[in-house]
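Structure, as structure tokens:
Within every chain, numbering begins at 1; the chains are lettered A, B, ... in the order of the sequence lines, protein sequences first and strands thereafter.
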Protein chains: 4
Amino acid sequence: MTIDDSSDRSAEGARAEGGSGGRPNPSRRSEQSRRAILTAARELVSELGFAKLSIEAIAARAGVGKQTIYRWWGSKGEVVFEAFLALSDPGEGIVLPDSGDLETDLKYLMRETVAEFADPAFEGPIRALNAEIINDPKLARLYHEKMAAPVDEAKKERLRSAQRAGQLAPDLDLDLALELLYAPLYQRWLLRSGPLTPEYADSLVDLTLKGLRP
Amino acid sequence: MTIDDSSDRSAEGARAEGGSGGRPNPSRRSEQSRRAILTAARELVSELGFAKLSIEAIAARAGVGKQTIYRWWGSKGEVVFEAFLALSDPGEGIVLPDSGDLETDLKYLMRETVAEFADPAFEGPIRALNAEIINDPKLARLYHEKMAAPVDEAKKERLRSAQRAGQLAPDLDLDLALELLYAPLYQRWLLRSGPLTPEYADSLVDLTLKGLRP
Amino acid sequence: MTIDDSSDRSAEGARAEGGSGGRPNPSRRSEQSRRAILTAARELVSELGFAKLSIEAIAARAGVGKQTIYRWWGSKGEVVFEAFLALSDPGEGIVLPDSGDLETDLKYLMRETVAEFADPAFEGPIRALNAEIINDPKLARLYHEKMAAPVDEAKKERLRSAQRAGQLAPDLDLDLALELLYAPLYQRWLLRSGPLTPEYADSLVDLTLKGLRP
Amino acid sequence: MTIDDSSDRSAEGARAEGGSGGRPNPSRRSEQSRRAILTAARELVSELGFAKLSIEAIAARAGVGKQTIYRWWGSKGEVVFEAFLALSDPGEGIVLPDSGDLETDLKYLMRETVAEFADPAFEGPIRALNAEIINDPKLARLYHEKMAAPVDEAKKERLRSAQRAGQLAPDLDLDLALELLYAPLYQRWLLRSGPLTPEYADSLVDLTLKGLRP
DNA sequence: TTTTAACCGAGACGGTACGTCGCGTCTTATA
DNA sequence: TATAAGACGCGACGTACCGTCTCGGTTAAAA
């Protein structure tokens with residue numbers, strides 16, 4: 001999956017449209033340069049972290065003129081985001097395990113999430129991305145549309161299955177349910193407000209399911 | 001309230017201690033300069049936002065040499081944090097309303113939080129602070145100790161009162177309970193993952209209390 | 001008058017001839033583009049000065065691709081030179097006044113030159129052209145052949161007339177004579193080495209003629 | 001000799017004075033950086049020529065930040081000019097040969113000038129300087145004050161000696177006389193308007209002296 | 001008449017340099 | 001010895017143009 005035309009256009013939409021400046025013509029865009037830039041961005045953000053990453057370094061590593069970056073992306077954040085997006089692209093649909101018992105499956109999922117958060121290779125880029133999202137509504141929208149939505153949809157599908165099995169209230173707001181489960185976990189990690197343990201994940205599932213059952 | 005010696009020392013801990021450089025002697029510190037710096041930082045972060053704020057600008061606005069800032073603070077984040085801290089300082093203890101009915105009081109509190117989040121004067125600095133916390137464990141610790149802890153303690157005191165009244169399970173983990181209530185709200189706001197409405201606050205309280213009751 | 005094939009060829013002579021690249025075929029050249037480029041160059045050099053003039057700006061103003069300029073001209077200087085040349089083209093021969101008295105005629109001519117130099121519309125482009133000539137022997141040759149030679153020839157014709165009238169030494173080197181008269185004037189203007197007044201022009205003629213008479 | 005305070009101030013005078021911008025304080029200026037910059041400028045202008053010389057290259061060669069150049073000089077031209085000035089500085093007064101016979105001495109001087117012009121090490125920088133002077137009145141003034149004036153004064157002193165000896169008209173304008181002698185020579189070289197030979201120098205002296213004698 | 005090769009407009013590309021901002025360090029003088 | 005002031009080396013910014021290089025699309029000569 002790549003960012004399609006519509007998202008490109010929306011990104012451009014935030015840049016200056018007035019004045020004499022013609023928007024670049026995407027049909028002439030060099031796919032080779034685009035890929036080299038995203039690869040360089042990915043590598044450099046791993047090596048240096050987002051804060052110390054510079055457009056100049058990306059351009060140099062990619063063997064590309066700076067202008068080629070500025071032409072197609074509006075900010076360092078957009079480049080890095082697209083770089084991650086290309087990586088995290090799950091291709092097609094995500095399907096989560098469904099053992100028939102929601103509690104078991106959720107505890108598994110959330111323990112897995114806890115483990116992911118402890119992976120240092122994962123930590124740096126995702127922290128950087130979230131820090132950017134906080135101050136950049138455009139990036140926030142992109143993130144939710146392109147990265148979060150597919151995963152959330154898979155999780156909601158599992159919850160729907162539980163509803164059909166009578167394990168959840170039939171009128172439950174699934175978005176709200178996901179937030180109840182995941183927001184505490186995510187916040188502990190992101191804002192370092194407390195220790196993240198498998199037991200914590202279990203407690204969360206226990207308490208939340210108590211509230212969500214029919 | 002001001003940041004006391006111990007927190008200053010911890011800030012210094014991150015700076016070079018070796019070499020020839022002696023640590024500055026706090027007894028000779030100019031209180032006038034310190035206040036001018038914090039005031040300038042507060043003003044500038046409001047005018048420009050945290051990202052566009054520079055040490056040079058703070059020094060210029062405060063009528064202070066740059067070295068005076070570098071001498072006493074370890075980063076832009078620390079200066080701004082201390083500036084906010086001085087502002088938000090509640091003086092003494094915070095006491096939350098206790099009507100006897102937990103649900104009523106929580107709904108009131110959370111609707112108030114929603115309203116606070118919608119205040120643009122509040123939005124900028126708090127977003128900036130959170131973005132910094134994501135990438136700066138030291139700042140995260142400072143934040144939780146100095147800013148979050150007093151408020152959280154007041155909330156937990158209200159929950160304890162509800163436990164005594166039999167409205168909450170007696171063995172409930174109060175930190176976890178607070179997270180269940182507030183994390184979804186905070187995440188929606190911070191990461192812009194959904195609309196923040198009073199009704200949303202009510203739903204959160206309803207579902208959560210269902211899980212927390214004895 | 002336009003720059004003829006021979007001068008074009010000489011311009012091309014400085015560009016790469018080897019390799020795969022065939023020389024462009026002048027018979028296919030777009031006269032419309034050529035004129036638009038020269039016009040744009042003339043306008044822009046007046047508006048911005050030569051130093052701030054860019055090939056990109058010429059191409060944009062002329063509604064022409066950059067390659068079309070690079071195809072037919074070897075440098076910014078050549079384009080601008082040809083643009084001026086087309087302007088200054090006197091059509092046919094220049095004839096200077098001949099009252100019979102050389103002193104009178106020369107003083108008139110040189111006062112006229114002084115007046116020309118004071119014209120701001122004249123000043124910018126000619127300064128630019130001369131600055132380029134200093135560092136570009138090819139352009140210097142073009143300048144002397146195409147722009148200076150016709151005017152100098154007319155002046156020398158007037159001097160020859162004076163020789164026939166016995167007002168000048170019969171074996172006088174006319175090029176040298178012209179230089180004696182004009183170089184001091186030109187230098188004062190070009191290098192700003194002193195004030196240019198009509199009286200100065202008169203003094204030049206007086207002293208020079210004293211040396212040139214039989 | 002170095003450029004003294006007054007000329008520095010005059011250079012600064014042409015830069016923006018309004019607004020908030022404080023002018024830099026010359027007493028804090030690093031003499032070491034200044035010298036490194038001038039040396040680098042001199043070397044680079046010889047290696048690359050003035051046109052291909054960049055501020056970045058000067059800064060890099062001098063081991064200096066670009067800002068340090070921009071802080072103290074207004075343009076590439078000013079830097080290079082001061083670099084040459086430091087070189088050409090004759091220390092104290094120049095005295096020209098005085099054999100008692102003006103014609104002999106002038107022919108010697110002008111043949112020497114012709115020879116100088118043929119020296120390639122001399123050619124590049126001086127051409128560059130003159131090209132800049134054409135478009136930069138400030139630089140022109142500096143040039144005449146600091147570089148040309150001392151030499152011209154020495155020449156005029158020789159002419160005054162000739163006046164006392166009765167070899168020149170007593171009321172002769174010496175500036176004008178110098179221009180008559182040197183401008184034709186200089187123009188042939190600068191604008192490449194003709195060949196520069198020792199014989200040409202002699203002819204110039206012959207004809208000019210004819211006009212200048214009492 | 002139909003190729004077909006060229007020039008054409010447009011403009012993306014890898015680069016170089018620009019002039020500016022801000023960093024964190026260092027130096028000077030003032031109190 | 002802490003301070004205001006600010007120069008310094010440095011790195012990066014975002015922009016302007018450079019000269020080269022595709023792209024279609026015309027257009028005029030060759031087949």
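The pair D:Lys76-D:Glu132 does not meet the salt-bridge criterion, since no charged nitrogen lies less than 4.0 angstrom from a carboxylate oxygen.
The side chain of A:Arg28 lies closest to E:dA12, out of F:dC13, E:dA17, E:dA12. When distances run from any side-chain atom of C:Ser54 to the nucleotides E:dC13, E:dC7, F:dC18, the shortest one goes to F:dC18. Listed candidates were E:dA5, E:dC8, F:dC18. Nearest to the side chain of C:Ile55 is F:dC18.
To the nearest angstrom, P of F:dC8 lies 11 Å from CD of D:Glu31. Taking atom CG of residue B:Leu53 and atom P of nucleotide E:dC21, one finds them 16 Å apart after rounding to whole Å. Atoms CZ (B:Arg34) and P (F:dA4) sit 14 Å apart, rounded to a whole Å.
Scanning residues 58-68 of chain B for heavy-atom distances under 4.0 Å to DNA chain E yields B:Lys66, B:Gln67. Of the residues in residues 35-45 of chain A, not one comes within less than 4.0 Å of DNA chain F through any heavy atom.
In this structure, A:Thr68 contributes its side chain and A:Val64 its backbone to no donor-acceptor pair below 3.5 Å. A:Glu82 contributes no side-chain N or O that, together with a main-chain N or O of A:Glu78, makes up a donor-acceptor pair within less than 3.5 Å.
Side chains of D:Lys66 and D:Arg71 form no contact here, defined as non-hydrogen atoms less than 4.5 Å apart.
Summarising the local packing, CD of C:Gln32 is surrounded by 12 or fewer heavy atoms from other residues, nucleotides or ligands at distances under 6.0 Å.
Geometrically, C:Arg28 does not engage C:Trp72 in a cation-pi contact, judged by NZ or CZ lying under 6.0 Å from the ring centre and within 45° of the ring axis.
Minimum heavy-atom separation, A:Ala128 to A:Phe50: CB-CB, 3.1 Å. The shortest heavy-atom contact between B:Arg42 and B:Ala83 is NE-O, 3.4 Å.
One finds a side-chain N or O of D:Arg71 lying less than 4.0 angstrom from the OP1 or OP2 phosphate oxygen of F:dC8. Taking 4.0 angstrom as the limit, B:Trp72 places a side-chain polar atom (N or O) nearer than this to OP1 or OP2 of F:dT3. Note on C:Arg29: every side-chain N or O is 4.0 Å or more away from OP1 and OP2 of E:dC7.
Here A:Ser33 lies in heavy-atom contact (under 4.0 Å) with sugar-phosphate atoms only.
For the pair A:Asn25 and C:Asn25, both in contact range of DNA chain E, the more 5′-proximal nearest nucleotide belongs to C:Asn25.
The side chain to side chain donor-acceptor pair (under 3.5 Å) test applied to D:Arg127 returns D:Glu123, not counting sequence neighbours.
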